[in-house]
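To start, the structure under review is shown below, and the notes come after it.
Note that these values count all heavy atoms, side chains included, but never hydrogens, waters or copies made by symmetry. All of these numbers come straight from a predicted model, not from anything done at the bench.
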Amino acid sequence: FPGPSCIRLYADDDDGDFVDEGFAEKKGKDKGKGITECKYKGTSSAELKTFGGQQMLSADQTIPRRDLSVAFKTYKRQLSNYQRLQLANNYCKAAYLEVMSLAKEAGTWVRAKPRLGNLDDLVNEFRTPPLPGRKMEVSIATAVIPDVLASEMAEMMTLSSNLWSKLLFPLVKHVEGSNVVGSLQYLSYADVSIKAAVQMYAELQLPTTLVPTRYFEFLRYGKEIMDGIYIIVDVSSRYSDPFAKRNSERRPSGVIIREHGPEDCEIIWIENVEVDETRENLYSTIIGSNLAYGAHRWVTTLLWNLKRDKSSFSDLKIDVHPGAGSFLLALTQAMKRFFMECVSQHPDEAALTVITSGEDPIRILHNKKLTEYVSFVGVNSFRVQAKPLSVFQFLMKKDLQLEFRVFGGTETNEVHEEPELLFTFGTDDKSNIISLHKRVTKEGIVYGLQEASMDEYCSFILSKTLTEDTVNAHIVCGNKSIYEDSKSRMANITPSGFAIMPDGPGGLHCDASLVTFLVQLYYDPLGNPVDVEFVRKDFLSDLNNIIRELNEKVVGEKMTGFEIIHLTQGKASCI
């Protein structure tokens, strides 16, 4: 075996041979000299120095020199296909051993570690302390997943990156999966129990602009340990590709799955990541205590999404189309994705442009997709000294008032009137409720669609207005129905609303809440030009009113104008 210097390798251009990091053979030889020329990988010709009429590398990147009597030969270490496969297989086995060891050490139902031979060197590499400025986050959670077999759960995790992303949204903001290449694609030959392998790129985001997006790139493979017991193993791409684009490392993590009765499965979820140290801000407490990204939140998010997919109608006052449920789930999911895109560290430039500075706690974005108006989005996060459950219940009503005010053409005294509830579409435990509301205004009928989703780690309240044509086309059933299932039905997904997280342990009954407020701001394209300060002022007006009402009606205290301005400048920690 070539030795440890070949642990991190990459393939040559044509033949796929793995070579020493830094050197690759150039095609052909110098006639008459018999000296193999070498070029440093990643070094452009502009970086080469000239010596004796020949292009030369710097002293620490030596290549043969024709003007010297002695030529220093360089070499290329080649690995056979078998050696490459063996190296990849050893890393996968070591990652599998590490995940099982973490589960056993945590006192779960895993009682023994697999016997895989001497892998101490690789396991020790997984446990290397992080560099200064980095930290480890390790957490483990167990749960029973109802109505999902162990084999089905394993397939959900490996066969489709889109399905995995959907089941773990909004914690997982974006995922891309690709087929493994090189020796990794033959892992199942080395170990017949490996059922699937995929290269994953994932973005994790909290619903706030104050916390940077976490970017991961990792190998995932599924393995059947024995009949009815599976493991999904994730391991960072840095062990096979040191040039992978990421700011966070997924050290051996995964999910261990076993059957639990005839219809359910039981899982052990292991999160083991290396990330940057948390910057001091409103969200430092929940990130530092593993509440924001810990294994318990992953499991809670998975269970919530599985329940959401089984939503049913109630309180019906209109006839709904048989396909209305899937439309409502898709539309509200798209609304939440828009919210998460607005708070992302790098929003989609094709749709959104950030027009405020990165130091400004208030983010204003220009929405380029909505051309009917001059459209902007305002975002800000703040802390409230009140339980998340109380904040959630108050903001459900406030959210609809804001949405109907934008497009409803209502008078000020009409905004506070309760709109007519046409139906609810929700889960059995009411943890997620999609509702349609109607209000008759001077300009006609306006509908408001709202999704209120609640869990102990992160709750959302989002709404948007719908036209009567949209409701007739996609929701109602009857004489006015013109139901259609087309991509155009997702053309306008811009919501307004709130995200609520607890500021510490206790879930919905924590003593304080972290709130992110997002609102759409529309201006007449034929009116006067709108600059960023004008938009910022309008957003601040809405933000200050919400903070004042939360303080008076939920916290029970009055707030002065100075305290509100102080808070929105990011200098206060609570209200």
Side-chain angles (χ1 to χ4, degrees), residues 160-177 200-209 211-216 292-293 297-298 300-302 304-309 311 325-354 363 365-370 375-379 381 399 403 425 431-434 448-455 457-466 470 474 485-501 516-520:
S160 171
S161 59
N162 289 334
L163 178 58
W164 182 73
S165 173
K166 179 176 180 291
L167 290 173
L168 292 165
F169 182 78
L171 174 56
V172 178
K173 172 183 168 286
H174 175 72
V175 170
E176 293 179 10
M200 303 284 277
Y201 171 84
E203 299 178 13
L204 273 59
Q205 176 71 49
L206 295 188
T208 176
T209 60
V211 180
T213 305
R214 291 184 175 183
Y215 300 95
F216 292 89
Y293 296 104
R297 189 183 173 202
W298 286 81
T300 300
T301 303
L302 171 66
W304 177 83
N305 275 300
L306 290 171
K307 287 187 291 186
R308 181 178 182 270
D309 288 340
S311 297
S326 61
F327 167 72
L328 293 170
L329 290 174
L331 178 59
T332 50
Q333 185 90 331
M335 289 161 55
K336 194 174 294 183
R337 287 194 181 278
F338 183 87
F339 185 105
M340 296 302 294
E341 197 63 45
C342 289
V343 300
S344 174
Q345 185 177 0
H346 302 289
D348 180 9
E349 295 180 353
L352 298 163
T353 300
V354 179
R363 174 180 284 188
L365 306 99
H366 177 216
N367 183 359
K368 295 182 284 189
K369 288 289 187 180
L370 197 60
S375 176
F376 296 91
V377 182
V379 187
S381 298
D399 180 54
E403 194 62 37
F425 181 65
S431 62
N432 194 79
I433 298 176
I434 301 171
L449 181 70
Q450 182 185 73
E451 180 177 39
S453 54
M454 177 173 56
D455 74 36
Y457 294 102
C458 185
S459 302
F460 284 87
I461 305 164
L462 300 176
S463 63
K464 75 177 307 304
T465 53
L466 300 177
T470 300
H474 307 304
D485 186 3
S486 64
K487 293 182 180 179
S488 62
R489 63 184 185 164
M490 296 295 171
N492 181 6
I493 56 171
T494 53
S496 294
F498 304 87
I500 307 163
M501 298 187 76
T516 297
F517 171 50
L518 180 146
V519 69
Q520 306 292 325

* Work out which heavy atom in I434 is nearest to a heavy atom in R308; give both atom names and the distance. => CD1-NH2, 4.5 Å
* To do: Taking S496 for its side chain and Q520 for its backbone only, find out whether a donor-acceptor pair lies under 3.5 Å.
  => yes
* Asked: Do Q345 side-chain atoms and T213 backbone N/O form a donor-acceptor pair below 3.5 Å?
  -> yes
* Non-hydrogen atoms of M501 and L206 that approach each other most closely -> CE-CD2, 4.3 Å
* **Pair E451 + K464, salt bridge at N-O below 4.0 Å** => no
* Asked: Within the side chain of E203, is there an N or O that forms a donor-acceptor pair under 3.5 Å with the backbone of Y215?
  -> no
* Decide yes or no for L462 and F338: does some side-chain heavy atom of the first lie under 4.5 Å from some side-chain heavy atom of the second? => no
* Structure fact -> Correct closest heavy-atom pair for L518 and P495 would be CD2-O, 3.2 Å
* Look up atom CG in D348 and atom CZ in R337, then write down how far apart they are to the nearest 0.5 Å. => 12.5 Å
* Asked: How long is the gap from OH on Y201 to NE2 on H174, to the nearest 0.5 Å?
  -> 6.5 Å
* **Q205 to V211 - nearest heavy-atom pair and separation** => NE2-O, 3.3 Å
* SB check D309 K166 (cutoff 4.0 Å) -> yes
* Asked: What's the spacing between C342 SG and L365 CG if we round to 0.5 Å?
  -> 5.5 Å
* Distance-minimising heavy-atom pair for T516 and V343 -> CG2-CG1, 4.4 Å
* Taking the six-membered ring for Trp, is the centroid-to-centroid distance between F460 and F339 below 6.0 Å? -> yes
* Heavy-atom closest contact (Q450 atom, I461 atom, distance) -> NE2-CG2, 3.7 Å
